[in-house]
Amino acid sequence: MRIKADTERCIGAGMCALTAPKVFDQSEDDGTVLLLAEEPAAEDEAAARRAVQVCPSGALSSA
């Protein structure tokens with residue numbers, strides 16, 4: 001699984017960081033998404049997929 005994050009599209013809601021904190025964080029400057037793991041560990045994949053689904057701006061995608 002590979003995660004992509006579009007920081008231009010991100011609105012800084014923080015749902016990703018709350019849902020999958022091992023994969024996502026938020027910038028201290030503007031609150032936009034910080035991708036901690038482009039390829040999450042197997043045990044973090046379910047949370048990462050859920051974070052992609054709940055992102056209100058659609059800034060996250062997975063393949």
Side-chain angles (χ1 to χ4, degrees):
M1 161 183 224
R2 182 177 298 270
I3 301 286
K4 290 185 182 178
D6 183 347
T7 56
E8 297 287 320
R9 193 169 181 177
C10 179
I11 61 170
M15 294 305 298
C16 56
L18 291 171
T19 305
K22 292 182 181 177
V23 181
F24 304 99
D25 199 356
Q26 288 183 272
S27 166
E28 289 187 24
D29 294 331
D30 60 6
T32 57
V33 63
L34 293 175
L35 188 57
L36 301 177
E38 189 175 298
E39 294 185 29
E43 64 269 14
D44 300 322
E45 283 188 12
R49 287 186 202 283
R50 180 74 180 136
V52 170
Q53 292 173 343
V54 300
C55 178
S57 65
L60 305 176
S61 61
S62 64

*Asks:* So, for Asp6 and Glu8, which heavy atoms are closest and what is the spacing to 0.1 Å?
*Replies:*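 Reported closest heavy-atom pair: OD1-N, 3.0 Å.
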
*Asks:* Closest approach of Pro56 and Ile11, non-hydrogen atoms and distance?
*Replies:*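 Result for this residue pair: CG-CD1, 4.1 Å.
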
*Asks:* Heavy-atom count around Glu28 CD within 6.0 Å, excluding the residue itself: above 12?
*Replies:*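 For Glu28, atom CD is not crowded (no more than 12 foreign heavy atoms under 6.0 Å).
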
*Asks:* Does the pair Met15 and Val54 meet the rule for a side chain to side chain contact (heavy atoms under 4.5 Å, CB included), with working shown?
*Replies:* CA-CA 7 Å; Met15 294 305 298; Val54 300; 4.0 Å; yes

*Asks:* Working to the nearest 0.5 Å, report the span between OG of Ser62 and CD of Gln53.
*Replies:*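 Nearest 0.5 Å value for the OG-CD distance: 8.0 Å.
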
*Asks:* For the residue pair Pro40 and Met1, establish whether any side-chain heavy-atom pair is separated by less than 4.5 Å.
*Replies:* yes

*Asks:* Testing the basics here: between Ala48 and Ala20, what is the closest heavy-atom pair and its distance to 0.1 Å?
*Replies:*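 So the two residues come closest at N-CB, 3.9 Å.
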
*Asks:* Does a side-chain heavy-atom distance below 4.5 Å link Glu38 with Ile3?
*Replies:* no

*Asks:* Indicate the atoms forming the closest heavy-atom contact of Gln26 with Ala13, along with that distance.
*Replies:*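 In this case the closest contact between Gln26 and Ala13 is NE2-C, 4.3 Å.
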
*Asks:* So does Ser57 get a backbone contact from the side chain of Arg9, meaning a donor-acceptor N/O pair under 3.5 Å?
*Replies:*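 Indeed, once roles are kept as given, a pair shorter than 3.5 Å links the two residues.
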
*Asks:* Quick check for you: to the nearest 0.5 Å, what is the distance between Cys16 atom SG and Asp25 atom CG?
*Replies:* 8.5 Å

*Asks:* Apply the side chain to side chain contact (heavy atoms under 4.5 Å, CB included) test between Phe24 and each candidate in Thr19, Leu36, Leu60; give the one that qualifies.
*Replies:* Leu60

*Asks:* With rounding to the nearest 0.5 Å, note down the distance linking CD in Glu45 to CD in Glu43.
*Replies:* 9.0 Å

